[in-house]
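Have a look at the structure below before the remarks.
Computed from a predicted structure; not experimentally measured. In what follows, chains are A, B, ... by sequence order, proteins preceding strands, each numbered from 1.
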Amino acid sequence: MTDINPSPTWDAALRSPRPDWLALLCGLALGLVFLWAVVPGWFSAADPLRGIPAEALRPPSAQHWFGTDHLGRDLFARTVYGTTVSLQACGLAVAVALAGGVPMGLAAGFAGGRVDALFMRAVDVAMAIPALLLALAIVTALGFGTVRIAIAVGVSSISSFARISRGEAVRLRHALFVEAARASGVRTPAIMLRHVLPHAAGPILALVTLEFGTAVLAVSALSFLGFGAPPPQPEWGLLIAEGRNYMAVAWWYTALPGLVVATVVLAANHLARTLRARSVLGG
Amino acid sequence: MLRREMVRRAGALAVRLAQSVAVLWAAFTVVFLILHVLPGDPVSIMLSQSEDGLSADPAQVAALRARYGLDRPLPVQYGIALYRALHLDFGQSIQTGQPVLATLRDVLPGTAALASVAFALALLVGIALAVATHHAPEGATKAALAALPALGTALPTFWVGLLLLQVFSFHWPLFPAMGNDGWRALALPAATLAIPTSARIAQIAGRTLADAAAQPFATAVAARGVGRARLMAVHLLPNVAISLVTMSGLIAGNLLAGSVVTETVFSRDGIGRLAQLAVQTKDIPVVEGVVLLAASLFVAINLAVDLLYPLLDPRIGK
Amino acid sequence: MNAPSPVLAVQELAVTYHLPGEPPVNAVSGVSFSVRPGEILAIVGESGSGKSSIVSALIGLKAPNARIGGRILLEGEDIAAATPQRLRALRGRRIGFVPQDAGLSLSPLRRIDAQIDEALRVHGMPRHAARARTAEILADIGLGGSARIARGYPHELSGGMRQRVLIGIGIANDPALLVADEPTSGLDVTVARRILDYLDGKIREKGMALVIVTHDLGIATRRADRVLTVQDGKIVETAPALSIPPPRSSPAAPAPAQPGEAVLMVAHLVKHFPGRRGEAAHAAVDDVSFHVPRHGTTGLVGESGSGKTTIARIVLGLETPQSGAVHLNGHDITHATGEARRLLRRRMQIVYQNPYASLNPRLSVEDIIDEPMRAFQVADPAARRLRVRALLDRVGLPRRAGQQTPSFLSGGQRQRVAIARALALEPELVVLDEPTSALDSATQGQILTLLRDLQAGAGTSYLFISHDLGLVREFSDHVVVLRRGRLVEQGAVRQIFECPAEAYTRELLNDSSLRCWHLSPLGKAS
């Protein structure tokens, strides 16, 4: 019987007199980037596709915050407009991983016994293949394009989602208050609904946030490698890949869009850790 | 008694070997299914890559199918592939016509050099960072040090590589921007690959240190008059070593996966770049070969760890 | 007669913890005492009383965020003001430490002899001298015979052996002061007694001063020369051990229950748990039979690992025994599953030891109490609501507590919620699994009084599980003594406590009978 004592973190979260400014900042950063994806026009007046050849490879300035690229296109505009494609891809990747992994993991964790043993063997196999290489194999089969790399990234993350969901399920299955409900005569469906799912939601939300950061990294890496959106389209990984050819003369071309990617991942990861610590069973 | 113990150990070893073989077989099957069952069979994938793929002559398609045995039923194809794989025959690269095994063998040393230098660097930096964080006085310094691993895992590897290139090859031409020759060409790629790995090592080491230091034995040892340095070196770091060894299969897998991006950024020959090119050109046998290589590496390391474990950790049954 | 000067003199000790952004917390204040050579001082207090802060200060290992006020004079030197270097030189050499929890207090990856050797070598003893002294210490603690043990790792030793090693390390350098923090918690009573005898002998022999910190008054009064009681960081009482009141006379025995009236009959239960990694299966419960009389209480008593909790879980159908039977009102319920098992839950409920873990932190107190009635659709929601309020009244909780989540309640209040939930269906049998051991002693008394009142009112039968014989004596009609899964003896409470037949029971009684006074705030309802 595992002794889960949820109260300290829960109490701390409820009663914490000081707001967590860093987590708030991370949330705001992610919110801003999300708005870029939805209404890029609000944030950048410049056209991400049409450049002014005379203004090619200009360094960052008040007019062009991130400078311009080799065709004279505004890089800030391209970064902002690229968010739409990049975030859609990451959202799709997380959705695929979530839909594929969570039900499997929860089922294995709750069933226990042989089902769980079988599941763990499958996890052993999944862990043997690094996620990026698995994604590459899937991309080879599915073909190139943003949606396809998103699916590939999602599928290759299913196992980590499933593994962590199983862990939560096992912990909850052994939680004393779940056993107490069973000993009170509560039926299994009601236990799942009232006692298990509300507690699994927090850790899974944390996992989704964490996975979002991982997906941003993986999707941009795959599109950097040349398997994503075709060139005229602005997209984060592709943007950085294009800048590769001008590194010697235009540092901003790769550095600044990359900084946005890094910031988003960092914010997502920090938020995920905060959520995890604050979710009841996070301890 | 002794004899029975030996029989028991031999039995455990046999079970462990069988498990390893089963994992490899399953990994092989997964890769086969991905590349042969998902929409678009290998020939159409390969042809779609060539310029005139769409207008490919049906006779040509049929010839290709026959050549790669793709006209047979799937289970038969699978059986043949498995049979060949058991004889270490992974087919030929479609691009070069070379056997996949030979192709992998040719580029393996480059990646091995990169990965081992990166790993050594990551181990050094990661453990040093964890120890420094552990010893830092409470406050801003400690918080800053503790935040570094999270930063390291959040940076896109390809971006870090490009920044290093920009600074150390273009701005100050200290290291070559590409190529495989000599240690100077190894420095930047190894540093790039070492950053996420060291961050992960620092996280594992930091967590283990914190756990071990919170146990009563740490207080008990300090109460004997043992100083901080000896407490760390003799009593706490061995625990870190154990947890890192446990994770070494995953770390190796991450290094191999990281080499795809790193070698592409620095135009270095190696497994990673081979994989990138193979995906680019839809060279299915090579993609299959790289993934299986990664899986074999993981399985082999984990098997070795399991066998060596009792030597490291006396608590695990001898 | 001139008394020797004290080894340790603590004057106005204060320990304050500073957390960033929060007001400092005074864990200890105004504590003064002294100990002379060959003297044993016991510091007694509950968890959170500040005794661990005193220990940390005495052994010179305060937490980084702790500040120490006052003076700690060790052989005339103030160690509260000593530099870290000086403290390190004193630790292990002049101040020996014997920690609690032997399972985790030895460095797990180092051999036993190396750990003793280290304690000597860090204080500058040459290699060969240290080797000889290590062998001497091993022989002295009774582990000298076997090189296999000396060269072994902590996990290969029994708990008693590990505790001996820790004592050996503590006295390795013949310190002036030995600080022992709960040196016998978690040990079998017989082993604990031998350990304490050994420690006792060493102190008198070497003329060391011993400060022994414990929550166990039995140990304190029988072993120490003086007892210091600590509460909320202050000394509430300093007394020579002899002045502690003797155990109260046994309560009047209730009418013995006839087996025929039993609510619950447990016959020849056997439960094995599979061993880990090819180890032999271990028997958690081995051929145990007993009964619970109607309207009565059967106490299941034993140390940890005696199988008490496993038996409770089998009774409730949370585990299945390999053999044996459980009868409720004469019906065999051992193998009831599915809906049949669920329906049985209406007649048997449980109150767990830990009210922090057994209540769903997301639900309101009303929802928690309502849950069993809802599961069995006892009445319509409005009627159930009224009943929940009545239950809140009965367990002495304010009605407004019903709207809150458990996190806003104290431990004692939470346990009242758990009791209300257990009583909601008016079950015939309630299993009380150490219902008060997570609570402080005042709350403990209130909860037991409540349980007794409720039993008088509703006629519920209790299966009361405890490791505390004093509580069992107060609370049960019938006592079952367990050890390592086996039944030692059973009988009416008076018989067991006044003339126990088994040596083990006597040992157990000897260890804890002095603790009865500790519960005096309870009073017996009669």
Heavy-atom contact with chain A under 4.5 Å, split by part of B:Leu250: side chain
Tell me, side chain or backbone of B:Ser169 under 4.5 Å from chain A's heavy atoms, or both, or neither? neither
[X] [atom1] to [Y] [atom2] distance, which is reported to the nearest 0.5 Å:
| X | Y | atom1 | atom2 | result |
| --- | --- | --- | --- | --- |
| B:Leu155 | A:Leu266 | CG | CG | 7.5 Å |
| B:Thr264 | A:Arg244 | OG1 | CZ | 7.0 Å |
| B:Phe158 | A:Leu222 | CZ | CG | 9.5 Å |
| A:Tyr253 | B:Leu162 | OH | CG | 12.5 Å |
| A:Phe224 | B:Gln276 | CZ | CD | 8.5 Å |
| B:Leu256 | A:Leu132 | CG | CG | 10.0 Å |

Where do B:Val167 and A:Trp251 land on the side chain to side chain contact (heavy atoms under 4.5 Å, CB included) test, with the steps shown first? CA-CA 9 Å; B:Val167 176; A:Trp251 61 268; over 6 Å; no
Contact winner vs chain A - B:Ser296, B:Ala22, B:Pro156, B:Gly253, heavy-atom pairs under 4.5 Å: B:Pro156
Heavy-atom pairs under 4.5 Å with chain A - which of B:Val265, B:Ile301, B:Val160 has more of them than the others? B:Val265
Hey, is CZ on A:Phe34 packed in by over 12 heavy atoms from elsewhere, all under 6.0 Å? no
Derivation of the side chain to side chain contact (heavy atoms under 4.5 Å, CB included) call for B:Gln280 and A:Phe227: CA-CA 7 Å; B:Gln280 195 93 63; A:Phe227 309 139; 4.0 Å; yes
Would the distance check show the side chain of B:Trp159 and the main-chain N or O of A:Ala255 forming a donor-acceptor pair, the cut-off being under 3.5 Å? yes
Contact origin within [X] toward chain B - heavy atom pairs under 4.5 Å:
| X | result |
| --- | --- |
| A:Ala250 | backbone |
| A:Arg121 | neither |
| A:Leu259 | both |

For a quick test of reading the model, state the closest non-hydrogen atom pair linking [X] to [Y] and the distance between them.
| X | Y | answer |
| --- | --- | --- |
| A:Ala137 | B:Leu35 | O-CD2, 3.4 Å |
| A:Gly143 | B:Lys282 | CA-NZ, 3.2 Å |
| A:Leu136 | B:Ala275 | CD1-CB, 4.5 Å |

Best-contacting candidate, A:Thr263, A:Val125, A:Asn269, A:Val264, against chain B by heavy atom pairs under 4.5 angstrom: A:Val125
side-chain contact (heavy atoms from CB on, under 4.5 Å), paired with A:Leu133, selected from B:Val31, B:Val287, B:Val260: B:Val260
Between A:Phe144 and B:Val279, does a side chain to side chain contact (heavy atoms under 4.5 Å, CB included) hold up when you go through it step by step? CA-CA 10 Å; A:Phe144 302 157; B:Val279 177; 4.1 Å; yes
For a side chain to side chain contact (heavy atoms under 4.5 Å, CB included) check, start with the C-alpha distance between A:Leu134 and B:Ile34, then their side-chain angles and the critical distance, and finish with the verdict. CA-CA 9 Å; A:Leu134 187 62; B:Ile34 289 174; 3.6 Å; yes
